[in-house]
Structures are given as C-alpha cells and as structure tokens.
*Asks:* 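Dropping a structure here in structure tokens format, bear with me for questions.
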Amino acid sequence: MNHFLDELNPAQRAATISTEGPVMIIAGAGSGKTRVLTYRIAHIMEKGVDAFNILALTFTNKAAREMKARIAKIVGDKEAKNLWMGTFHSIFAKILRIEGEKLGYPNNFTIYDTDDSKSVIKEILKQLNLDDKIYKPSMVLNRISDAKNKLISAGAYINNPITQAEDQSSRKPMLGQIYLNYQKRNFKAGAMDFDDLLYQTNVLLRDFPDVLLKYQNKFRYILVDEYQDTNFSQYVIIKQLAARFQNISVVGDDAQSIYSFRGANIQNILNFEKDYPDLKTFKLEQNYRSTKTIVGAANHIIANNKDQFKKVVFTDNDDGNKIKIIKASTDNEEGQKIASSLAEIRMQERAMNSDFAILYRTNAQSRAFEEALRRLNIPYRIFGGVSFYQRKEVKDVLSYCRLTINNNDDESLKRIINYPARGIGQTTIDKINVAAAEHDISMWTVICNLKDFNLGINAGISSKIADFVTQIKSYSLLLPYKDAFELANQIAVGSGIVKELYTDKTPEGVSRYENIQELLNGIKDFVEQPRTPQEDEINDVIKASLAKDETNLFAEETDNKLKTLDEFMQEITLLTDVDKDKDDENKDKVSLMTIHASKGLEFKYVFVVGLEENLFPSQLSLNSRTDLEEERRLFYVAITRAERQATLSFATMRYRYGNILYCEPSRFIDEIDSKYLDFPEEQNINPFNDTTFDKFREDYSDGAKKEIGFNSKNKNLSTSSSNSTLNFNPPAKKLISLNSKFMTSSSTPVDLTINKSLQQGDIVTHEKFGKGQVVLLEGVWPETKATIQFENQGTKNLLLKFARLNKL
DNA sequence: AGCCCCGGTGAAGTC
DNA sequence: CACCGGGGCT
C-alpha cells in the first residue's frame, strides 16, 4: 500500500514533512491546502506525538470534522479523536469553561449572541439617558467589537487620546463609558459575547502565567488554517501559545482574505515573518481543482490588486469550457435563466444537484433563485439567512434553557419572565431591572430576594414571581441528572410553551409547533452522540465544580456519561452558517449561499450571480482601494470554487429597497480577459474584442438613463451617476395616511358617564365606525362589553371603559 | 395587557 | 421593500 506522503507533489510534500519550528504555507486556491494540513497532522502523529498535544484551528467546525475524519483514516479513529480541532471561538470557549473561574466567570457562562449584545447596549443607553439615534446599538457594538479585537480594554479605551478624539469628533463621547458598562453588565450576568471568547482568553494567558505554561506544554504543535482571516486578538493568542515550542504552522492565501470587516488583518501574515525570523516558507501553486480556463481567469482578476504576494497559480487540468456570461433583464429573470441553465447542464453532464452552487454577494438576493428552482422542482438548500435558532419560538425555549443553566443570564430572564403570560408586566420588570443595575447584581438575584428591595410590587405579583423562581430552580436542580433531551423536553412542556403553540392552529402556529419539535429532535441527536475526549475533559471540570457547590447536595451522584443541556447550549451558539446545515448530508440538493460562506468549499459547477456595479462590488466598497481590493478577492474566491465550469450573471434592472434600480454590469467582468469568456449570443458580440464589450456596457447604462429620463428630479437621490432610482409613492396612499392621522389627533376624551348608562337598543355614534345600535351588553362595569351593530362597519365588540361613544 | 396599524428608518459580509 | 418601535384601540 502506498504511504500517504507518496500522494503529494514535491511542494506539498516539503510543506508536510517540515513539522518542526515555525512554518508558513502560502497556498493558492485549490492547491491541496487541506490535504497538506491533514497529512501534516498525520505525519506529526506518526512521528510519535500524542494527539492531545496538537491544536488545529479551522474556519468552520464542519471543516474540523471532515479533517478529523480524514486523519482518522490514516492514524486510526481512536487517536484522531484526541485532537484538539475546531474554530478559534469554539476551542477557546472550551478552554474558558475550564479556566474561566480564574477570571471570575462561572464555568457555565452564557455566550451572548449579537441580539443579546444589542439588547444590553439598549439598556445601557436608557440608563445613561443617551439617544439611540445617535448611539445606534449596532454601531456601538461594532465599535466595542473593534476595540476588543485590538485588545483595547474599556479602561484603555477611555484613557486613549486617539479613541477619545475620534469619538469627540463623531459626537459620540460616551462610547467609552458604554463599553465599560457593557463589560460590567455582561460580567455580572456571567455572559461573554463572541469577541470576549478571544479577548478573555488573552486576559487569561496574560495574567496567569501558570495557565499559559500549561497550555504551551499541552499544545506543542499548533496549526492554523485560513490564517489570512485571523484578527489581532487571535494572532496574539497563537503567538503566546506557540512561544515555548515554536512549532507553529499557518496556512493561508492572501488572495482569499475576505474578512477585514470583522478585524481580520492581512498584516498578520507579514507580522508572522517578523516574529519568527527562522521561519520556513512554502508555496503551493499547482491547482488541482479547476480547469485552465478558471485558473487563468482567476489569475487575471487578482492581478488587478496591488496588495499581494508573488504567487503563480497554475494547473495541468484540461482547458474546460469558457466562463459563460448570462444577461437578464430583471432579478427574477436572472433567477429563471440560472435555474434553466442549471437544469440544462445537469442533463447534459448527467450531474447531481449537489454538484451545483449559486453564490451571491448578499443574502437578500436568494429569493429569486429559490423561486425559480422551486418552479423547476429542483431541490436546494440555503445556507445562512435567518437561522433556525433565531426564530422566536426556538429562542423562547432556548432562553428557558439558558436561564436554567445560568440563572444570572439577564437577557434570557427578561425574555421569558412573562412568557407564556403569567401576569408579570413591564412595570414590574422595569423595577427589577433598575434595582439590579443600582446594586450591580443580576435580575435573578433581585427576584430571589424580592422582600429586601422594597420595589412596591404587590403581594399577588410577588407570589407569581416566586412561582417563576421556583420553576426555574427546579429545572436547574435537574441539570446534572437529566440528559439534554429529557430536560429540554420537560422545560418545553413545563413552561407552557408547547401547550400555547399546540392550541394555535393557524399555519404559523403549526409551523412554530413543528420548529419546537425539530429543536427537540436536534437535541435528541446530540444526546445520542458520544463525547469527544476534550468534551469529556471539560465535562469533568464542570462536574467537579458542581460537586464543590454545597447547595448541590447530590452532585456526587452525577452520571458522567450523561450529555447535559449545558453542553448542548455550548455547541449550538458557536455554529457557523455552514455548520448549521440541518439537512441530511446525503440529500442531493443545489447549494445557495453567500460567497463568504462558500470559502473553503468546492463545486463542479458554480454560478456567481448579481455581477453588477454597486452590488458586486458593493457600493460600500467603492470609497477606498483597499475595500475594493477585498471585494475583488471575494470575486476571486467565488470563481475558484468551481471545478469544471463557472457561470456569471447580471441583471439590468432589479428591485432593491422598494425601488427599481437600473444596473450596469460589474467591472469585474471586464477585468477578465475575454478569451476566457462566452458572451450571450443574442448580443452578437465578438468575444475576442474587449472594446465591443465596453460598448455593450455603455448600451445598458445609456438605456437606463433614457428610461429614467422623465424622472430627472429624483436623479440626485442616487449614489452614483450611472444608477438612478425610481421612487414609487402612490398619492392615494399618502391621502389615506393623512386621513387617519387627522382622525386620531382629533380624538376627544371618553365620557364614561354616558358609556356606563348605555342600554340595549340605544343609538350611538363612534368617531371611527359611525352610527350604530347597541344590540347586546355583557359583564359588569368596568368590564362591560357592548355588541354594537354599525350602519356601515358591521358588528363590533367594544369594551365600554375604552370605547369613544356618544349617545344620540 | 396585548393587538394592530402606522410611520420612520435602514439596507453587506459573520463567530 | 422589510423591520421595528410607538402609540392608539379594545
């Protein structure tokens, strides 16, 4: 049998066997990067290194799983299982579960998602009496996120003259204070946001040399995939961990760096060379994935960027088909043309649905393709977009789970303390919230000791709150004894959510009910899968800490085999879009996703759609060269996903933001040498003549200008000279809204004396419904309901204490 | 206490 | 156009 090293070309082989010391591998698209990474790990293990001593950081959990499976085939399942492999976020979340108590976090800390974070920021704005129009929560969160990814603490932020000057000049001087409060609040709630997982890991490694040493010794070999997309915070973690043994290898491709918006920094590659002067660098330049046409076109595209490493990607594969350009008149037609082109290729090439991907710049573009595919009965799966875990009903159940695990999780508490309705109103919740903020404690602590706070909450509501506390406590006590499925099921039923949804027989209600079932099924699957060794390790630590807790009387009886709810929650919060694919992997479906999500994947046939100026490249990227270059790298990533054939499409008109927008083909199409391209036939264009294509573009932009010519008033609304918008504001609609405004503003106070004395048969007038007759009176004042037959508006049931009536 | 309707506002990519 | 928050309605 061949040894696996024999499968490699000389460059790959050299990169694979150079296991000691710092190594940088610059790997072009499709050059066998994953194979090298996999074999490197296998090779290190064959040399006798224990899998427990190897840390591999990948971009998705799915990539980690697949790589582990490949390694298992070489070194055996048992050994491979012991590897520490996963995304930065999931690996360091696990380490923080073990070590976080040193930083004052509970080991069952909650991970706040972006919604939670924004909600916390909104509260802080309220508390500080700041305008959320000026301090937009998403903007504030971005700013905090940036700071954390640069390892700037709240204190440092406030004391830093540069950030202060920036915030002063943007009229947001309180950002530092918000950041400080945000950290305090999250800490108090025992919660970390995504950036904290990296930031707090840095704090841990900085402030606890013994911990640093422990992990330096543990992770003797460190491998980082997609290194071009790491940010400063990640870079420092790696640098610290590798400092002792220096067996650090990074694999990346500067041409595929597409995440600068979340702090990724190409500079990390350059810094790497500075940090490790005795670094060995390898270049993988032979592409095994794609045809000569695709590789050639991709090289052509990327050559337009100034910032790049010298690298020549080449292939010995066939020439393959030219890259087809599809022109559509509208976004919907684009969907149809892509779907039928897909069906045609599928038939001609006898391809599977799963051989195809449709890649777009923004999630909002997916709709037209979904519709067209559905019409042709082509099964598809869509990655990203609104996640299953974001659905209201799912989040409700998960909030119960989160609060059960971490009672201090204020965000979850607020969500469910009155859902399903149990008579704890907004006023009460506000009081609790204010008290918690004042005393710097969690809302849970307040409601557990309600008597001590004198909040003016009456006995009735107090007892309802006490019931709620008892209920959650009963779940928390069960955590160690029930598996995740049993407990989640008990929570879903016991909370009343299942009942509430079950009684709702509307289509939406049924679908919500099904989503809860799906969630529970997912938890069941999770419970049935055995733990990995790292998960066992973390489990031991958490269970040991539970045993220390004297309030937990039965901790020593805990069944260690049990996969518990807290483990499930950890797992799902850090899934990437690609990881979240719930479908059976074997199902034969077309993949729809953003180009960002497609990174690292490959498909035989790829459609890159929406190639229009201001969409791709995005208009937000047009202000700076570096942004435009990132956009171009994104296009490079898209094209290089294709093995056999790539197709590009654009529409000349599309709906966006409720307007019709006329579009011009993307400059990126121009940037490809036309010898690689196959233009639409009806245009009768000589594909070997670039100037003809320029003309073709001008025709479209001219056409657009002509068509919107009558609407010149609106022209100045558009952001670029070549795109114009048409605004549709039907006058009729305006009138209606004016009318209703008029009606509500002229309202008069309700005369309750009249309402109280109404009798059956009385004739009344209502300012909205007109004239009518009382046909029925039910209930005792002030809950009296009247059924009134209006002359023109039909029969209405009105609550008399509210209804604005006059007696005639 | 919730539901509904209105008007205002925003609109890229993600762990 | 889609989403959200506010305020009116019952």
Side-chain angles (χ1 to χ4, degrees), chain A residues 59-61 86-93 111-114 117-118 122 132-133 136-139 142 145 149 192-198 229-231 233-234 258-264 360-365 367 383-387 418-419 421-428 573-580 593-599 610 614-621 627 630-631 634 637 654-661 719 727-728 733-734 736-741 743-745 747 750 766-769 783-786 788 796-805:
Chain A
F59 202 71
T60 64
N61 292 300
T87 63
F88 270 89
H89 287 89
S90 63
I91 291 287
F92 295 112
I111 298 171
Y112 274 176
D113 65 19
T114 308
S117 298
K118 281 185 195 163
K122 280 182 202 161
D132 63 0
K133 302 254 156 39
K136 286 186 192 147
S138 56
M139 173 263 140
N142 272 335
S145 172
N149 285 329
M192 298 198 199
D193 67 13
F194 291 133
D195 304 311
D196 277 328
L197 297 176
L198 306 174
D229 283 327
T230 54
N231 62 35
S233 183
Q234 291 165 323
I258 54 175
Y259 278 99
S260 74
F261 69 91
R262 68 171 198 215
Y360 33 77
R361 180 63 182 85
T362 68
N363 277 310
Q365 287 166 257
R367 207 210 69 245
F383 296 81
V386 180
S387 145
N418 197 35
Y419 180 81
R422 47 173 75 83
I424 304 172
Q426 196 55 52
T427 323
T428 308
T573 7
L574 295 173
L575 295 182
T576 67
D577 276 346
V578 178
D579 297 329
K580 279 178 197 153
M593 64 183 88
T594 62
I595 301 167
H596 281 92
S598 77
K599 193 171 75 155
N614 292 344
L615 179 60
F616 192 19
S618 152
Q619 51 191 320
L620 295 162
S621 74
D627 283 358
E630 173 148 322
E631 206 75 1
L634 192 58
V637 168
R654 76 170 60 236
Y655 275 97
R656 267 179 103 189
Y657 319 138
N659 295 317
I660 290 176
L661 191 74
T719 46
N727 276 315
F728 284 98
K733 199 183 161 196
K734 272 253 153 82
I736 291 165
S737 60
L738 275 175
N739 272 340
S740 57
K741 211 172 205 167
M743 284 172 71
T744 52
S745 60
S747 57
V750 187
H766 184 276
E767 49 176 68
K768 199 166 167 186
F769 303 128
E783 300 304 326
T784 319
K785 271 189 208 159
I788 301 177
K796 305 271 177 198
N797 286 312
L798 305 183
L799 207 55
L800 283 183
K801 69 178 171 188
F802 290 121
R804 298 168 197 278
L805 298 171

*Asks:* Want to settle it: does A:I424 or A:E631 sit nearer the 5' end of DNA chain B, counting the closest nucleotide to each?
*Replies:* A:I424
*Asks:* Between the side chains of A:D579 and A:T576, does any donor sit under 3.5 Å from an acceptor?
*Replies:* yes
*Asks:* Can you confirm whether A:R361 sits close enough to A:S618 that some side-chain heavy atom of one is under 4.5 Å from a side-chain heavy atom of the other?
*Replies:*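 The answer is yes; the side chains approach within 4.5 Å.
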*Asks:* Going by the rule salt bridge (Lys or Arg N to Asp or Glu O under 4.0 Å), which residues pair with A:R262 if we only count those two or more places apart in sequence or in a different chain?
*Replies:*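 Checked A:R262 against salt bridge (Lys or Arg N to Asp or Glu O under 4.0 Å); zero matches.
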*Asks:* Just how far, in rounded Å, is P of B:dC15 from CE of A:M192?
*Replies:* 19 Å
*Asks:* Please tell me which of the listed nucleotides, B:dA12, B:dC15, B:dT14, lies nearest to the side chain of A:H89?
*Replies:* B:dC15
*Asks:* At less than 4.0 Å, is any side-chain N or O atom of A:N363 found next to OP1 or OP2 of B:dT14? Yes or no.
*Replies:*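 Result: yes.
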*Asks:* Closer than 4.0 Å, any side-chain N/O of A:N418 to the OP1 or OP2 of B:dG2?
*Replies:* yes
*Asks:* It should be established whether A:T594 places a side-chain nitrogen or oxygen under 4.0 Å from OP1 or OP2 of nucleotide B:dT14.
*Replies:* yes
*Asks:* For nucleotides B:dG13 and C:dC4, find the distance between their P atoms and express it as a whole number of Å.
*Replies:* 15 Å
*Asks:* Is any side-chain heavy atom of A:L634 less than 4.5 Å from a side-chain heavy atom of A:F616?
*Replies:* yes
*Asks:* Regarding A:F88, tell me which of base, sugar-phosphate or nothing describes its non-hydrogen contacts under 4.0 Å with the strands shown.
*Replies:* nothing
*Asks:* Measure the CZ-OG1 distance between A:F92 and A:T87 for me, rounded to the nearest 0.5 Å.
*Replies:* 9.5 Å
*Asks:* Which pairs, protein N/O on one side and nucleotides 4-6 of chain C N/O on the other, fall under 3.5 Å?
*Replies:*
from	atom 1	to	atom 2	distance (Å)
C:dG5	OP1	A:K122	NZ	3.0

*Asks:* Are any of the side-chain heavy atoms of A:F194 and A:L574 separated by less than 4.5 Å?
*Replies:* yes
*Asks:* From the set B:dG10, B:dC15, B:dT14, return the single nucleotide nearest to any side-chain atom of A:K136.
*Replies:* B:dG10
